[in-house]
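Everything below concerns the one structure shown next.
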Amino acid sequence: MIEANDKSSLQALNERVDRLFPALRQQRRDLHKYAESGWLEFRTSTLVAERLDELGYRLQLGREVIDAESRMGLPTADVLQQQEQRALEQGAIARWMPHFSGGFTGIVATLETGNPGPVIAYRVDMDALDLNEVLNDEHRPYREGFASLNSGMMHACGHDGHTTIGLGLAQLLMEMREQLCGTLKLIFQPAEEGTRGAKSMVAAGVVDDVDFFTAVHIGTGVPAHHIVCGNDTFMATTKLDVIFTGVAAHAGGNPEQGRNALLAAAQATLGLHALPRHSGGSSRINVGVLQAGTGRNVVPSSAMMKVETRGATNEVNEFIYQQALKVISGAAEMYQVQVETRLMGAAQSSKPTAPWVHYIHRQAENLGVFEKIIDRQEGAAGSEDATYMMERVKSLGGQASYVIFGTDLSAGHHNEKFDFDEHVMTQGIKTLAALALNISTFKE
Ligand SMILES: O=C(O)C[C@H](NC(=O)Cc1c[nH]c2ccccc12)C(=O)O
């Protein structure tokens, strides 16, 4: 094995990745243009599979890496069907589609180097957000012709960049395989938004053999040329849909015959936002959607809410969630309507393992492409279902972390004007490749 820490080999790595930049940019822009929301990454996953196959990876696809029962927040069968059709019209590669059909849009690519060593895994996500991209000349993706063609779907969180980082890394690792040891695993995950996908991949066992696990994000407010080696502020979260069903009636003639689902939902909304907090850490609650009723002069017989709870720890989130269920059933009782709650997504809180964070820090230093390298940052982040993978790896004695590569953004994440400086993708690939290249120097 080469002395990878010596400056000339890292220099060679840097130059090699820099040469990939035009191809990476083109790849990212193609994914951006054909944005696909969670569990609907049909075009994306067929292109990813084709590329990884071309490179010579062993592939596990669809049901092999996604446990059907553990999927959360799956779109309806109709939507799955329509979007699969659209993907084919937009250039999805038909021969891979049977693996992904029905919402099994996950891929694990494995490279056995043939040299003895550990299993090193990377996780990237592939889904877009349910959001309409802004279409005007001030927005680069529109100006340069790669804004999303799919209404209501936009890569506004950078997962097009993450997928591209995964593919670029795959190419580089394959080219360098003689200098590497052990087994490299690239995990392409569906449906991170709404924290719906990772749990099903963990249930399928995709990280059970992993010694070193790293999940990746770009942006999130971290400045360009900065890297966070071990983000540890993810909140545990539960996502639920709530459906109230009452009885419609003549609002003038016989209001007493109605059972008002709108009032139950409105009451529940206020009650949810008034929940007491927990001394164990910060918490959040959000009713993000409330829809109810059918007509001005009809007692509303239906209402629907999309709700999420979050907590600094699993315990705090569970506390808020349990109270939320009580408020919801109490509100239903108050107005004598039926209520059903459906679990739509979930994630844990998780902390990286310190030795792996230190190791990532050292590799980032040696690369010489960052202005600032920090282990962690203050402040609540969002949630992430990669935490299921991290916790699983840790529970089996492995090392895990979550790395953030800073970049300039045109607008915040989940905003319709979101875009990022694509050069961050080369920094990501360099760092992730260095983790594999120098693994023999890892110390507990
Ligand atoms: O809960 C979700 O739906 C996941 C979604 N996740 C993200 O937006 C990722 C994210 C948010 N903040 C950070 C900070 C660092 C890395 C990743 C993130 C969120 O929190 O709403």
Side-chain angles (χ1 to χ4, degrees), residues 37-39 71-75 122-131 153-163 165 189-200 213-224 226-241 282-289 306-312 314 316-317 320-321 324 343-352 357 360 374-390 400-407 409 411-416 418 420 424 428 431:
S37 297
W39 298 123
R71 293 176 300 170
M72 292 180 279
L74 201 69
Y122 305 93
R123 176 277 208 167
V124 293
D125 43 18
M126 303 187 287
D127 57 317
L129 280 147
D130 299 333
L131 184 70
M153 299 186 189
M154 175 192 173
H155 275 293
C157 199
H159 301 190
D160 48 346
H162 303 167
T163 303
I165 288 172
Q189 184 205 303
E192 185 277 331
E193 299 297 348
T195 56
R196 296 171 289 159
K199 197 176 187 193
S200 70
F213 175 85
T214 308
V216 186
H217 213 294
I218 61 170
T220 76
V222 176
H226 291 210
I227 177 174
V228 181
C229 302
N231 195 68
D232 61 359
T233 54
F234 292 116
M235 301 181 100
T237 185
T238 308
K239 321 289 188 192
L240 63 154
D241 283 0
S282 59
S283 59
R284 305 276 188 277
I285 185 142
N286 192 47
V287 178
V289 175
K306 292 182 189 263
V307 183
E308 61 171 20
T309 63
R310 305 197 197 218
N314 294 340
V316 171
N317 180 54
I320 300 291
Y321 174 58
L343 180 67
M344 301 304 282
Q348 301 178 287
S349 61
S350 182
K351 303 233 179 289
V357 177
I360 295 169
I374 59 172
D375 286 350
R376 64 180 303 277
Q377 56 177 356
E378 288 302 326
S383 303
E384 241 294 353
D385 62 358
T387 49
Y388 281 117
M389 296 182 181
M390 293 170 68
S401 191
Y402 192 103
V403 179
I404 303 173
F405 298 101
T407 182
L409 303 175
H413 290 257
H414 301 199
N415 182 282
E416 63 276 10
F418 179 87
F420 62 87
V424 68
T431 310

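Read the numbers this way: they start at 1 and go in the same order the structure lists the ligands and their atoms.
- Of all atoms in ligand 1, listed by their number and element, those nearer than 4.0 Å to a heavy atom of Ile404 are 15 (C), 16 (C).
- Heavy-atom separations between Met235 and ligand 1 are all 4.0 Å or longer.
- Taking every heavy atom of Arg310 and a limit of under 4.0 angstrom, the matching atoms of ligand 1 come to 1 (O), 19 (C), 20 (O), 21 (O).
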Query - Working for side-chain contact (heavy atoms from CB on, under 4.5 Å), residues Arg376 and Thr233 - result: CA-CA 8 Å; Arg376 64 180 303 277; Thr233 54; 4.2 Å; yes

Requested in this report: Step by step, work out the side-chain contact (heavy atoms from CB on, under 4.5 Å) result for Val403 and Val216.
Outcome: CA-CA 5 Å; Val403 179; Val216 186; 5.7 Å; no

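- Closest heavy-atom approach to atom 8 (O) of ligand 1 within the set His413, His414, Gln377: this belongs to His414.
- Residues His217 and Phe405 keep their aromatic ring centres 6.0 Å or farther apart.
- Within ligand 1, counting atoms from 1 as listed, the ones closer than 4.0 Å to a heavy atom of Thr195 are 1 (O), 2 (C), 3 (O), 4 (C).
- Distances from atom 16 (C) of ligand 1 to the heavy atoms of Thr220, Thr238, Val403 show the closest one on Thr220.
- Across Ala386, Gly382, Gly158, Ser383, heavy-atom proximity to atom 6 (N) of ligand 1 is greatest for Ser383.
- Close approach to Gly194 involves these atoms of ligand 1, each under 4.0 Å from a residue heavy atom: 2 (C), 3 (O).
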Report task. Evaluate side-chain hydrogen bond (donor to acceptor under 3.5 Å, both in side chains) for Thr238 paired with Asn317, printing each intermediate quantity in order. Result -> CA-CA 7 Å; Thr238 308; Asn317 180 54; 2.9 Å; yes

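- The nearest heavy-atom contact from the protein to atom 14 (C) of ligand 1 is Ala381 CB, 3.5 Å.
- For Glu193 and Lys239, the salt-bridge test fails: no basic side-chain N is under 4.0 Å from an acidic carboxylate O.
- In this pair, Phe234 and Tyr402 present their aromatic rings perpendicular. The plane angle is above 60°, beyond the 30 to 60° band.
- Using cut-offs of 30° and 60° on the angle between ring planes, the pair His155 and His159 is tilted.
- With a 4.0 Å heavy-atom cut-off, ligand 1 is reached by no atom of Thr233.
- Close approach to Tyr402 involves these atoms of ligand 1, each under 4.0 Å from a residue heavy atom: 16 (C), 17 (C).
- Of all the atoms in ligand 1, the ones that sit under 4.0 Å from a non-hydrogen atom of Glu192 are 4 (C), 6 (N).
- The ligand atoms of ligand 1 that sit less than 4.0 angstrom from a heavy atom of Lys239 are 1 (O), 2 (C), 3 (O).
- The backbone N or O of Ala312 lies less than 3.5 Å from no partner atom in the side chain of Ser282, so there is not a single donor-acceptor pair.
- In this structure, Lys199 has no salt bridge (charged side-chain N to carboxylate O under 4.0 Å, His left out) partners at least two apart in sequence or on a different chain.
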